[in-house]
Amino acid sequence: MARIDFHASSIEVARNLIGASVFIDGVGGRIVETEAYDESDPASHSFSGVTPRNAVMFGAPGRAYVYRSYGLHWCLNFVCMPAGHGAGVLIRALEPTRGIDLMRERRGLDDLRLLCSGPGRLGQALGVTHALNALRLDRKPFRLVPRAEDDLGRVASGTRIGLSKAKDLPWRFALAGSPFLSKPLRAG
DNA sequence: TGTATGATCGCCT
DNA sequence: GGCGATCATACAG
């Protein structure tokens, strides 16, 4: 995979992103956990149509969708599919590789495993804010690096986290055995 | 190791 | 008015 193609279903993109790396202003690491969402999915922000918050999900693929979770955390998503389908991938956890000192400072703790192991934590560590919403992922401040092919066999799937609807869809993807996951993978 | 709770805001009923 | 694509902290056992 020479580069990441966002003109695909959120499920394909979510799987392809495991093992890839994402950096914001040079700070970030290897993606070890993602979740797929789309317009047909009752758990998705896009399920009930366009609102000011989710409008970016219905626009061009390959852009960032940033939303505020529970009024306090910034969460990072990548928009995918042909434009207008309301599909996206939530980036849930990273293995930190670059800018670790800055991540520790932003998070106020040292433990490498807790820096980016969850969507809210990751957002804080990478300095994600609403200012990044709708920005292209192939331009500054973003940098994406596709995974090496030999990581393919380590991608596992399971059920998503923190949902009350569509709980049983196996749309969570993770690097099997990684110590940087937000929670252990549950079969699905 | 597990369960409860507060923080705090956009969107829905 | 209530409920989240969450997290840190405070407890109980």
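In the text below, chain A, chain B and the rest are named by the order of the sequence lines, each starting its count at 1. These numbers come from a predicted model, not from an experiment.
Listed for the A:Arg121 side chain is a donor-acceptor partner under 3.5 Å among the backbone atoms of A:Ser117.
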- request: Would you sketch DNA chain C in dot-bracket for me? Only Watson-Crick or G-U wobble pairs with both distances under 3.5 Å count, crossing pairs as [ ], other-strand pairs as |, the rest as dots.
  value: ||||.|||||||.
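Comment: A:Asp41 engages A:Arg160 in a salt bridge, judged by a side-chain N to carboxylate O separation of less than 4.0 angstrom. Under the 4.0 Å criterion applied to side-chain N and carboxylate O atoms, A:Glu35 and A:Arg92 are assigned as salt-bridge partners.
Donor-acceptor pairing under 3.5 Å is lacking for the side chains of A:Arg106 and A:Gln124. Side-chain N/O atoms of A:Ser182 and A:Glu33 include a donor and acceptor closer than 3.5 Å.
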So which protein N/O to nucleotides 3-11 of chain C N/O distances come out below 3.5 Å?
| residue | atom | partner | partner atom | Å |
| --- | --- | --- | --- | --- |
| C:dG4 | OP1 | A:Ser164 | OG | 3.2 |
| C:dA5 | O4' | A:Tyr37 | OH | 3.3 |
| C:dA5 | N7 | A:Ala43 | O | 3.3 |
| C:dA5 | N7 | A:His45 | NE2 | 3.3 |
| C:dA5 | N6 | A:His45 | N | 3.4 |
| C:dA5 | N1 | A:Asn77 | OD1 | 2.6 |
| C:dA5 | N3 | A:Tyr67 | OH | 3.2 |
| C:dT6 | OP1 | A:Arg92 | NH1 | 3.2 |
| C:dT6 | O4' | A:Ser69 | OG | 3.2 |
| C:dT6 | O3' | A:Gly120 | N | 3.4 |
| C:dT6 | O2 | A:His73 | NE2 | 2.7 |
| C:dC7 | OP1 | A:Pro119 | N | 3.2 |
| C:dC7 | OP1 | A:Gly120 | N | 3.0 |
| C:dC7 | OP1 | A:Arg121 | N | 3.3 |
| C:dC7 | O4' | A:His73 | NE2 | 3.3 |
| C:dA8 | OP1 | A:Arg107 | NH1 | 3.0 |
| C:dA8 | OP1 | A:Arg107 | NH2 | 2.8 |
| C:dA8 | OP2 | A:Arg121 | NE | 2.9 |
| C:dA8 | OP2 | A:Arg121 | NH2 | 2.6 |

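The ring pair (Phe, Tyr, Trp, His ring centres under 6.0 Å) analysis of residues 90-118 of chain A, with sequence neighbours excluded, yields no pairs.
Inter-residue side-chain proximity for A:Ile4 and A:Asn16 is flagged as unmet; no heavy-atom pair is nearer than 4.5 Å. With contacts defined as side-chain heavy-atom distances shorter than 4.5 Å, the pair A:Phe58/A:Glu39 qualifies.
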Side-chain polar contacts of residues 65-87 of chain A - donor-acceptor pairs under 3.5 angstrom, sequence neighbours left out - could you list them?
| residue | atom | partner | partner atom | Å |
| --- | --- | --- | --- | --- |
| A:Tyr65 | OH | A:His45 | ND1 | 2.8 |
| A:Asn77 | ND2 | A:Tyr65 | O | 3.3 |

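From the 5' end on, the contacts that DNA chain B makes with chain A at under 4.0 Å to a non-hydrogen atom open and close at B:dA7 to B:dC12.
B:dG2 sits 23 Å from C:dA5 when the C1' atoms are compared, rounded to a whole Å.
Checked against ring pair (Phe, Tyr, Trp, His ring centres under 6.0 Å), A:Phe173 has no partners two or more places apart in sequence or in another chain.
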